[in-house]
Amino acid sequence: MPRTKNHIELQFLSEPSDVNYGGKVHGGTMMKWIDQAAFACALQWSQTYCVTVYVGGIRFFHPVHIGHLVKMEARIIYTGKTSMHIAVDAFSKPVDQADFVKNTHCIIVFVSVDDNGQPKAIPAFKPKTEKEIAMHGYAIKLMELRKSIDKEMEPYIA
């Protein structure tokens with residue numbers, strides 16, 4: 001796949017094995033699917049193996065019901081030398097309806113690694129459309145916010 005493709009969309013049907021006690025899809029299952037979509041996007045962009053290094057700002061707006069069609073949209077919004085910031089939005093809908101409802105949003109950061117697990121350089125993402133430019137700015141603002149969050153969490157990480 002060409003490296004210029006900065007987005008990916010996955011769709012699947014939520015199944016009874018995905019259910020929680022409330023009859024909805026587990027939040028953890030949603031997080032797994034989000035990570036898988038983001039990984040596929042990172043892999044498509046970098047053409048190398050990638051590892052998740054950060055997941056942030058995950059918000060669950062609406063539950064996903066069992067038997068609904070689920071759509072994950074993952075998009076590169078910022079790249080560093082070896083890292084990719086990916087925005088992921090999850091949507092769902094009953095199979096007999098046309099319109100999807102947005103269920104979840106988050107940002108995931110992946111790092112491209114070589115066969116020895118060392119960071120590996122990736123192609124730079126250059127936003128072109130108004131939406132890409134806005135999302136690029138969003139990623140930069142979130143990086144700044146993470147610096148203060150990291151400082152606050154520092155005593156509890158070690």
Side-chain angles (χ1 to χ4, degrees), residues 1-20 22-95 97-114 117 119-143 145-146:
M1 292 186 187
R3 290 184 181 183
T4 56
K5 190 165 183 185
N6 69 318
H7 64 280
I8 194 165
E9 182 180 298
L10 306 176
Q11 290 190 21
F12 51 91
L13 194 64
S14 60
E15 300 177 350
S17 61
D18 303 320
V19 72
N20 64 20
K24 312 292 188 297
V25 172
H26 282 282
T29 300
M30 290 294 293
M31 290 188 284
K32 176 184 173 189
W33 294 337
I34 287 166
D35 189 56
Q36 290 172 334
F39 172 76
C41 185
L43 183 65
Q44 177 176 271
W45 181 263
S46 68
Q47 303 277 305
T48 64
Y49 184 71
C50 302
V51 294
T52 308
V53 295
Y54 179 84
V55 178
I58 191 164
R59 298 290 184 264
F60 296 101
F61 305 119
H62 302 285
V64 175
H65 298 273
I66 300 305
H68 281 198
L69 185 63
V70 176
K71 176 171 65 171
M72 296 286 168
E73 293 181 358
R75 159 174 324 278
I76 302 277
I77 60 172
Y78 180 88
T79 55
K81 184 177 172 186
T82 62
S83 65
M84 293 154 278
H85 293 65
I86 301 170
V88 182
D89 292 308
F91 303 86
S92 70
K93 71 179 189 83
V95 294
Q97 292 183 10
D99 296 328
F100 281 92
V101 171
K102 188 173 188 175
N103 304 94
T104 308
H105 170 80
C106 73
I107 300 296
I108 300 183
V109 180
F110 277 83
V111 169
S112 173
V113 294
D114 63 19
K120 183 177 179 179
I122 59 166
F125 169 67
K126 296 179 177 101
K128 295 178 181 104
T129 68
E130 282 186 39
K131 182 175 181 179
E132 287 176 346
I133 292 166
M135 292 300 286
H136 191 262
Y138 169 57
I140 292 169
K141 287 178 187 175
L142 291 177
M143 284 189 294
L145 289 171
R146 278 198 306 274

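These numbers come from the heavy atoms of this one structure, side chains and all, not from hydrogens, waters or symmetry mates.
Taking the side chain as every heavy atom from C-beta outward, Leu69 and Phe100 approach each other to under 4.5 Å. By the 4.5 Å heavy-atom criterion applied to side chains, Thr48 and Asp114 are not counted as neighbours. Using a 4.5 Å cut-off on side-chain heavy atoms (C-beta onward), Met31 and Val55 make no contact. Put simply, the side chain of Tyr138 does not reach to within 4.5 Å of the side chain of Lys141, judged on heavy atoms. Contact annotation: the side chain of His62 never approaches that of Lys24 to less than 4.5 Å [non-hydrogen atoms, C-beta and beyond].
Legend: residues meeting side chain to side chain contact (heavy atoms under 4.5 Å, CB included) with Val53, ordered by chain and number and at least two apart, are Val51, Val109, Val111. The side chain to side chain donor-acceptor pair (under 3.5 Å) search around Gln11 returns Glu9, not counting sequence neighbours. Considering only residues two or more places apart in sequence or on other chains, Thr129 meets the side chain to side chain contact (heavy atoms under 4.5 Å, CB included) condition with Lys131, Glu132.
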Note to self: Working note: Val25 + Ile66, criterion side chain to side chain contact (heavy atoms under 4.5 Å, CB included); need CA distance, chi angles, decisive distance, verdict.
What the structure shows: CA-CA 6 Å; Val25 172; Ile66 300 305; 3.7 Å; yes

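Contact record, Ala40 with Ile8: CB-CD1, 3.7 Å, taken as the closest heavy-atom pair. The two residues Gly56 and Cys106 have their closest heavy-atom pair at O-CB, 3.6 Å.
If you look at Phe110 and Trp45, their ring centroids are not closer than 6.0 Å.
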Acceptor/donor pairs from residues 87-94 side chains to any protein atom, 3.5 angstrom cut, sequence neighbours excluded:
residue : atom : partner : partner atom : Å
Asp89   : OD1  : Lys102  : NZ           : 3.2
Asp89   : OD1  : His105  : ND1          : 2.7
Ser92   : OG   : Asn103  : OD1          : 3.1
Ser92   : OG   : Asn103  : ND2          : 3.2
Lys93   : NZ   : Gln97   : O            : 2.3

Can I get a per-line list of side-chain donor-acceptor pairs under 3.5 Å for residues 119-126, giving both atom names and the distance, sequence neighbours left out?
none

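Relative orientation of the His136 and Tyr78 rings is tilted, given thresholds of 30° and 60° on the angle between their planes.
Judged by distance alone, with hydrogens and angles left aside, the side-chain atoms of Ser14 form a donor-acceptor pair with the main-chain N or O of His65 at under 3.5 Å. The backbone N or O of Val19 sits less than 3.5 Å from a side-chain atom of His26, completing a donor-acceptor pair.
Within the structure, salt bridge (Lys or Arg N to Asp or Glu O under 4.0 Å) pairs that include any residue of residues 61-79 comprise Lys71-Glu73 (at least two apart or interchain).
One finds the NE2 atom of His85 at 8.0 Å from the CG atom of Leu142 (value rounded to the nearest 0.5 Å).
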